[in-house]
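All remarks here apply to the structure that follows.
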Amino acid sequence: VAAPAFVASALWPNVVAAFVRDGHFVVVTSEAAPDSWDRRTVAEIRAGEQAVIAYPDPGAGKVPLADEHVVTAGDRYVVV
């Protein structure tokens, strides 16, 4: 159970969680939004970069972000 988190933390900084789901290695991180995400929506980032922005970090109640949410570079998000 701890092996995915151990591997993920060795490969990526800021790992929040890691697990295997349906044969896929899933890593959850806390990241500052890069400049390339600035003024793009959550839906645009998910479609173009295969990254899912789950919610702002700190979590503010861990309310999922709407697809229409516009991301600001430098703000921290929990990303899958």
Side-chain angles (χ1 to χ4, degrees):
V1 174
F6 179 76
V7 170
S9 63
L11 297 174
W12 292 283
N14 307 315
V15 171
V16 175
F19 52 92
V20 176
R21 170 95 181 188
D22 296 330
H24 297 280
F25 185 48
V26 179
V27 179
V28 181
T29 62
S30 171
E31 302 289 335
D35 291 340
S36 63
W37 291 5
D38 193 42
R39 293 182 287 182
R40 293 173 60 196
T41 66
V42 168
E44 290 170 333
I45 294 165
R46 181 179 56 243
E49 312 222 7
Q50 296 183 339
V52 176
I53 300 173
Y55 49 85
D57 189 21
K62 306 228 183 326
V63 176
L65 293 172
D67 284 347
E68 301 81 23
H69 175 84
V70 177
V71 172
T72 302
D75 285 357
R76 293 197 71 81
Y77 296 93
V78 172
V79 180
V80 179

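Just so you know, these numbers come straight off a predicted model, no measurement behind them.
Hydrophobic cluster membership differs between L11 and F6, with clusters built from Ile, Leu, Val, Met, Phe, Trp and Tyr side chains linked at under 4.5 angstrom. Linking Ile, Leu, Val, Met, Phe, Trp and Tyr whenever their side-chain heavy atoms come within less than 4.5 Å puts V78 and F19 in one cluster. A chain of hydrophobic side-chain contacts below 4.5 Å, direct or via other Ile, Leu, Val, Met, Phe, Trp or Tyr residues, connects Y55 to V26.
With sequence neighbours left out, A8 forms a side-chain contact (heavy atoms from CB on, under 4.5 Å) with W12, V15, A18, F25, V27.
Residue pairs meeting the salt bridge (charged side-chain N to carboxylate O under 4.0 Å, His left out) criterion with at least one member in residues 35-50, sequence neighbours excluded, are R40-E49, R46-D67. Counting only residues at least two apart or in different chains, side chain to side chain donor-acceptor pair (under 3.5 Å) contacts with residues 21-34 comprise T29-E31, S30-D57, S30-R76.
Grouped with I45 in one hydrophobic cluster are W37, V42, I53, L65, V71, Y77, V79, the linkage being side-chain heavy-atom contacts under 4.5 Å among Ile, Leu, Val, Met, Phe, Trp and Tyr residues.
Residue P34 comes nearest to A73 through the heavy atom pair O-CB, 3.8 Å, listed as atom of the first residue, atom of the second, then distance.
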